[in-house]
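Since the structure is predicted, the reported quantities are computational estimates derived from the model, not experimental observations. Every chain is numbered from 1 and lettered A, B, ... according to where its sequence line falls, protein lines coming before strand lines.
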Amino acid sequence: MFALIDCNNFYASCERVFRPDLIGKPVVVLSNNDGCVIARSNEAKACGVPMGAAAFEFEKMFAQHKVNVFSANFALYGDMSQRVMNILSEYTDEMEIYSIDEAFLKLDDCSYKSLKACGVDMQRKVTKWTGVPISVGIAPTKALAKVANKIAKKYQKRTSNVFIINSEERRIKSLKWLTIEDVWGIGRKHAKRLKAINVNNAYEFTLLDDQWVKRNMAIVGLRLKHDLMGIPTLDIDTFGAKKNIATTRSFERNYTELSEVSERVTTFAVSCAEKLRRQKSCCNAIMVFIHTNGHRAELPQYSRNIVVKLPFATNSGIELAQFATKALEKIFKPGYHYKKAGVIVMDFIPENTVQLKMFDNSNPKHIPLMKSIDIINATYGQQKVRLASQDMGRVWKMKQERLSPRYTTNLDDIIMVNA
DNA sequence: TCTGGGGTCCTAGGACCC
DNA sequence: TCTGGGGTCCTAGGACCC
């Protein structure tokens, strides 16, 4: 059996852990630069705040409904996520961390009573130990576990946040309940096409002809169909290492100078290198992209990316920054107002399998250097040690007007209790 | 004024090989 | 009139996820 554990309204719930006065009140969390809504408490959903709402368009509405608005605090969410995952990992040897707030677990014990007890135990333990509420769905396949989780979340009281699909009747009833656009793996495009042929819920989807599904939704759609029928098709991925790593940002204002964008791209490359080292990989290729603000149709638009194959695999921030800035110079065109840039590293190999070449090699001195930088930054705070080509002397600042303290990751921000 | 930042997998088509 | 039949690798783009 597979379990899918999903934190309820994760970012909003994290904010509430340290602000219990906000329980029962509408809470939203904004994206970087306080741009748009990326998480909502149930109360905020009930007020009619849509996902992705542009913050500046909803200011009035927030004030009217007394919505508590937070800037994204990823230091807090990342740390809370780790705590939740640590607890969940005790229930199984096979776990897939699917996203910051979701994990699939393979559970061995198949009797309903013990599975239900197991789910309830998880739910209680995670809520009690971290303060984050979760929902648990358990079923014979991953796609069905997703469905079960939706039901657990929708009917929290009746299910005690745990729902199990363990019979054919339950499977069919659950699938009939789930509208087609809410099925995991069916997005807007496919939902539209399916509705056009009168497939309106997950159950009707499973009745479709294999050939039709394959033709219209490719192998991915067919696998999903089988998984929903209860035939285990999608397997759990316990490996965990990422295949691409990206650091990309919108700027708080438009940049017109190469030097300004270059500074940021350097920082993004250094950040990618850190993430690479954390998963003990080196990359063989790097992509840099820049683009202007697509929301400003009156301004001339420009958008380009460039992929550079590296002469050697590396995870040195210095080397990646050099390759990235060189790549940027190739695609940068003066005269445009740039709003966003990013660095993506690709084509990984484990760092201990890097082949030495005859001429071009990563500078071996960088390995101990990077190790030292990682230790210093871990001890004294992020970005304490930086490259000179990073934003020294100049200030760029994300708009974060409503940032909560880093309660769990910074001693200065630790919570004060007045007794 | 203002509109996020990550990821995955698959497919078709082009370039190139014999 | 008529112009093969395999391969591989790479890339761009689409569709989806959180």
Side-chain angles (χ1 to χ4, degrees), chain A residues 4-11 28-40 50-60 62 69 71-74 77-78 81 96-104 142-143 146 149-150 180-194 214-224 233-235 237 239-254 268 271-272 275 279 284-285 287 289 291-299 303-307 309 337 339-348 398-401:
Chain A
L4 175 70
I5 288 83
D6 186 329
C7 301
N8 303 342
N9 316 322
F10 184 55
Y11 298 163
V28 301
V29 176
L30 304 180
S31 61
N32 281 338
N33 284 316
D34 292 347
C36 54
V37 172
I38 55 170
R40 307 159 294 157
M51 191 64 172
F56 74 93
E57 289 177 350
F58 278 78
E59 278 305 331
K60 255 192 199 152
F62 290 157
V69 182
S71 302
N73 184 347
F74 290 111
Y77 312 148
S81 170
E96 173 185 350
I97 297 177
Y98 182 69
S99 73
I100 193 165
D101 74 327
E102 264 179 71
F104 285 102
K142 281 174 95 174
K146 268 275 186 188
N149 184 282
K150 280 221 176 214
I180 193 70
E181 61 265 34
D182 289 334
V183 177
W184 180 50
I186 294 186
R188 262 205 300 267
K189 290 266 163 72
H190 287 328
K192 200 175 158 195
R193 187 177 296 168
L194 287 165
K214 178 92 192 282
R215 207 168 45 243
N216 290 279
M217 303 172 66
I219 191 72
V220 186
L222 194 57
R223 288 204 280 245
L224 175 65
T233 310
L234 310 172
D235 207 2
D237 172 18
F239 187 55
K242 292 197 170 74
K243 292 169 183 165
N244 296 296
I245 288 175
T247 300
T248 72
R249 289 288 179 279
S250 296
F251 308 140
E252 80 290 354
R253 61 175 175 83
N254 292 328
F268 300 159
S271 155
C272 284
K275 296 178 190 172
Q279 72 161 39
N284 277 300
M287 178 170 110
F289 73 81
H291 61 77
T292 50
N293 189 344
H295 294 288
R296 292 276 84 86
E298 70 280 9
L299 290 175
S303 145
R304 246 196 101 177
N305 71 61
I306 180 170
V307 177
K309 289 217 183 287
H337 293 81
K339 180 64 178 169
K340 183 169 177 173
V343 173
I344 302 170
V345 289
M346 301 171 298
D347 193 4
F348 300 163
M398 235 183 349
K399 191 176 159 204
Q400 284 186 314
E401 287 169 355

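Between A:Lys189 atom NZ and C:dC17 atom C1' the separation is 15 Å, expressed in whole Å. We find that CE of A:Met51 is positioned 10 Å from C1' of B:dG4, with the value rounded to whole Å. Rounded to an integer number of Å, the gap from A:Asp6 CG to C:dC18 P is 8 Å. The distance from atom CD1 of A:Ile100 to atom P of B:dG4 is 18 Å, rounded to the nearest whole Å. Nucleotide B:dT3 holds its C1' atom 9 Å from the NZ atom of A:Lys339, rounded to whole Å. The interatomic distance linking A:Phe58 (CZ) with B:dT1 (P) rounds to 18 Å, in whole Å. One interatomic measurement links the two molecules: CG of A:Leu222 to P of C:dC16, which rounds to 16 Å at whole-angstrom precision.
Applying the salt bridge (Lys or Arg N to Asp or Glu O under 4.0 Å) criterion to A:Arg253, with sequence neighbours excluded, gives A:Glu260. Annotation: salt bridge (Lys or Arg N to Asp or Glu O under 4.0 Å) contacts of A:Glu57 (sequence neighbours excluded): none. Contacts of A:Ser99 classified as side-chain contact (heavy atoms from CB on, under 4.5 Å), with partners at least two apart in sequence or in another chain: A:Asp101, A:Glu102. Among residues two or more places apart in sequence or in another chain, the salt bridge (Lys or Arg N to Asp or Glu O under 4.0 Å) test is passed with A:Glu181 by A:Lys195. For A:Asp347, there are no salt bridge (Lys or Arg N to Asp or Glu O under 4.0 Å) partners, not counting sequence neighbours. The ring pair (Phe, Tyr, Trp, His ring centres under 6.0 Å) check on A:Phe268 picks up nothing, with sequence neighbours excluded. Partners of A:Thr248 according to the side-chain contact (heavy atoms from CB on, under 4.5 Å) rule, which considers only residues two or more places apart in sequence or in another chain, are A:Ala246, A:Phe289, A:Lys340. With sequence neighbours excluded, no residue forms a ring pair (Phe, Tyr, Trp, His ring centres under 6.0 Å) with A:Phe62. Every residue meeting the side-chain contact (heavy atoms from CB on, under 4.5 Å) condition with A:Asn32, not counting sequence neighbours, appears here in chain and number order: A:Phe74, A:Arg249, A:Met398.
The residue A:Tyr98 sits close only to the backbone: its heavy atoms come under 4.0 Å of sugar-phosphate atoms, none of a base. Across all strands shown, A:Arg188 has heavy atoms under 4.0 Å from sugar-phosphate atoms exclusively, and none from any base. When heavy atoms are screened at a 4.0 angstrom cut-off, A:Asp34 is found touching no nucleic acid atom at all.
Atom OG in A:Ser71 sits 3.5 Å away from atom CG in A:Asp34 (nearest 0.5 Å).
Using a 4.0 Å cut-off on heavy atoms, the residues of residues 180-187 of chain A that approach DNA chain C are A:Val183, A:Trp184, A:Gly185, A:Ile186, A:Gly187, listed by number.
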Note to self: Using the rule given for side-chain contact (heavy atoms from CB on, under 4.5 Å), can you reason through A:Val37 versus A:Leu30, listing the C-alpha separation, both sets of side-chain angles and the distance that settles it, and then say yes or no?
What the structure shows: CA-CA 4 Å; A:Val37 172; A:Leu30 304 180; 3.9 Å; yes

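Taking 4.0 angstrom as the limit, A:Lys146 places none of its side-chain polar atoms (N or O) nearer than this to OP1 or OP2 of C:dC17.
For the pair A:Lys339 and A:Phe251, the NZ or CZ position fails the cation-pi test of under 6.0 Å to the six-membered ring centre and within 45 degrees of the ring normal.
Which of C:dC16, B:dT3, C:dC18 sits closest to the side chain of A:Glu102 comes down to C:dC18.
Taking atom C1' on both nucleotides, B:dC17 is separated from C:dG4 by 14 Å, rounded to a whole Å.
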Next item on the list: Mark up nucleotides 5-15 of chain B, 5' to 3', with B wherever a protein heavy atom is under 4.0 angstrom from a base atom, S wherever such an atom reaches only the sugar-phosphate, and - elsewhere.
Entry: SSSSSSS----

Notebook entry, point to check: Given pairs defined as Watson-Crick or G-U wobble with both distances under 3.5 Å, what dot-bracket annotation applies to DNA chain C, with ( ) intrastrand, [ ] crossing, | other strand and . unpaired?
Noted result: ....||||||||||||||

